[in-house]
Amino acid sequence: MSQRVALVTGPNKGIGFEVARGIAKSGYVVLLGARNPTSGRKAANILTGEHLDVQFVELDVTRMETISAAARIEADFGKLDVLVDNAGIADPQDGRPSRADVNAIERVLRTNFLGAVAMAQAVLPLLRKSDAGRIVNVSSDLGSITRHGDPTWKYAHVKVLGYCAAKAALNMFTVQLAFELKDQGIAVNSVNPGFTATDLNAHRGQQTVAEGAAEIVRVALQEHGPSGKFLETGGELVW
Ligand code: NAP
């Protein structure tokens, strides 16, 4: 069997780091697409020290020139089996719909939505060369419009417009791309990691990063699995 290759964006810390580790532990070469060379190389060194096959690739999902460069590096392997669109931000100026700063909303959409779209489009030619290409979009239950419409939902009060809208838009990308690729053997799914203690939420999350990464890794490693789904540990979510 040829060497299997995955690319994870935002892998230098948090959930992305654990996802990279989990995929690499299954024998994949994992490309660590980090925007900061220092923290990207540091993460690569830690995982290499664990005898995992990883390589740092400079990648800022808001900068097309780095996306194109990363797509070329993957061409060294002749194909890509898995893309995990994990890079994401929260912005302190984002917030309730009545007062969220419009520039902050734009920044969040640029990274969390447009960054994932640009990344997937750039590597699609390489995913098509895999026997079982997969795209995992790291979404959030905060992107579920159905959940937001339920005032009794436990996170109903978390109305952070830019972040939630970016994840809802990412989910739309998942559904539409899954439909478009349904006859091409490429699965596209959204995964909600759950509320996980990371820098993104000042470590208020209740799960460990290993718990947050688990479903993402499972879906990333699943060949010929379902497509166009919104998944979390234990099952499917409403859009
Ligand atoms: P985190 O620890 O803050 O990690 C975010 C990662 O994204 C970092 O590696 C960061 O790199 C990277 N990143 C941000 N902007 C980037 C860009 N323009 N280009 C490349 N990389 C970029 O947060 P996390 O909680 O692990 O978040 C990972 C994903 O899970 C995000 O998509 C987030 O929305 C999602 N999520 C998290 C939770 C949660 O409770 N934590 C819940 C649901 C969904 P730098 O180190 O350079 O900033």
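Along the sequence shown, residues carry numbers from 1. Both ligands and their constituent atoms are indexed starting at 1 by order of listing.
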Next on the checklist: Suppose we screen for salt bridge (Lys or Arg N to Asp or Glu O under 4.0 Å). Which residues come up paired with E180, at least two apart in sequence or across chains?
Outcome noted: none
Checklist entry - Taking NZ, NE, NH1 and NH2 as the nitrogens, is one of them in D81 or R4 under 4.0 Å from a carboxylate oxygen of the other? => result no
Checklist entry - So which pairs with a foot in residues 140-152 pass side chain to side chain donor-acceptor pair (under 3.5 Å), sequence neighbours left out? => result H148-K159, D150-T152
Checklist outcome for this item: Heavy-atom contacts under 4.0 Å to ligand 1, chain-then-number order, include exactly G10, N12, K13, G14, I15, R35, L59, D60, V61, T62, N86, A87, G88, I89, T111, V138, S139, S140, Y163, K167, P193, G194, F195, T196, T198, D199, L200, N201
Next on the checklist: Could you check whether E50 pairs with R21 (Lys NZ or Arg NE/NH1/NH2 to Asp/Glu carboxylate O, under 4.0 Å)?
Outcome noted: yes
Item to check | Counterpart residues, ring-ring contact (aromatic ring centres under 6.0 Å, His included), relative to F56 (two or more places apart) | outcome: none
Next on the checklist: Within this structure, what is the CG-CD distance for the pair L47 and Q55, rounded to the nearest 0.5 Å?
Outcome noted: 12.5 Å
